[in-house]
Amino acid sequence: IAQDPHNMEMFMRYAQTYGGNSAAAHTMMEAELARQSLRPNRVLSDGGSLPVSFDEVRDLHQRQLDDTALTPDVQAAHRSHVGQASSFGSDPGRPLDQRTAPPSSVRGDVQQRAAQIQGETAAKRSEFDGKAEIVKTDDGTLESKKSLFRQSTKQAYRDASGTVEEITDSVQDLFKRK
């Protein structure tokens, strides 16, 4: 809207009156954008049945307030279910409707595999802690006893020795060519 030449004069007037950085200028521009925007209509162009105005939504809400499918009486349903559940099994002379199948071995297999995985994980954790020399401090935090300075020095030495080897190989190749 601000780039439209028709509206340029209006926005320039707002900028001159309120300044470019003030909150009032932003508020005025937002108000103008809202004033020029499309108004809600009651008919969708694609023939859809969605409500598009606040009045339609309010009317739909009022109609659906009394619809028992959308707003069931939860307390009454709860009381009914509690009554049914409390009467279950109250007749000791009544035989069971069907025999229960023996329990599946899947649960035991899963529990056994879970214990095995937990054991492997604990072993790997202690192996990692041993290699990294990780210890728990008095306040519960973890720290490593490995010296980062010593590791950096070793790495720098290996890097320097590798560089020396590459230079030596390059010099030898030059002498071989001549």
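A continuous path of Ile, Leu, Val, Met, Phe, Trp and Tyr side chains, each step under 4.5 Å between heavy atoms, connects F128 with L142, placing both in one hydrophobic cluster.
Atom CG in L174 sits 11.5 Å away from atom CG in D169 (nearest 0.5 Å). Going from atom CD of Q172 over to atom CZ of R177 covers 12.5 Å, rounded to the nearest 0.5 Å. Rounded to the nearest 0.5 Å, atoms OG (S104) and CG (D109) are 7.5 Å apart.
At a cut-off of 3.5 Å, with distance as the only test, no side-chain donor of Q155 or R158 sits close to an acceptor on the other residue.
The environment of CD in Q112 is sparse: at most 12 heavy-atom neighbours from other residues, nucleotides or ligands sit within 6.0 Å. The number of heavy atoms from other shown groups lying within 6.0 Å of NZ (K154) does not exceed 12.
Here E120 does not pair with K124 in a salt bridge; the nearest charged N to carboxylate O distance is not below 4.0 Å.
Taking the side chain to side chain donor-acceptor pair (under 3.5 Å) definition, one finds that D139 meets it with T137, T141, sequence neighbours left out. Considering only residues two or more places apart in sequence or on other chains, K145 meets the salt bridge (Lys or Arg N to Asp or Glu O under 4.0 Å) condition with E143.
The shortest distance between side-chain heavy atoms of R58 and D55 falls below 4.5 Å.
At least one donor-acceptor pair closer than 3.5 Å links the side chain of T153 to the backbone N or O of F149. Put simply, the side chain of H81 gets close to the backbone of A77: a donor and an acceptor are under 3.5 Å apart.
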Practice task
Under the side-chain contact (heavy atoms from CB on, under 4.5 Å) rule, what do Q62 and L65 come out as? Steps first, then yes or no, please.
Solution key: CA-CA 5 Å; Q62 289 300 324; L65 273 177; 3.7 Å; yes
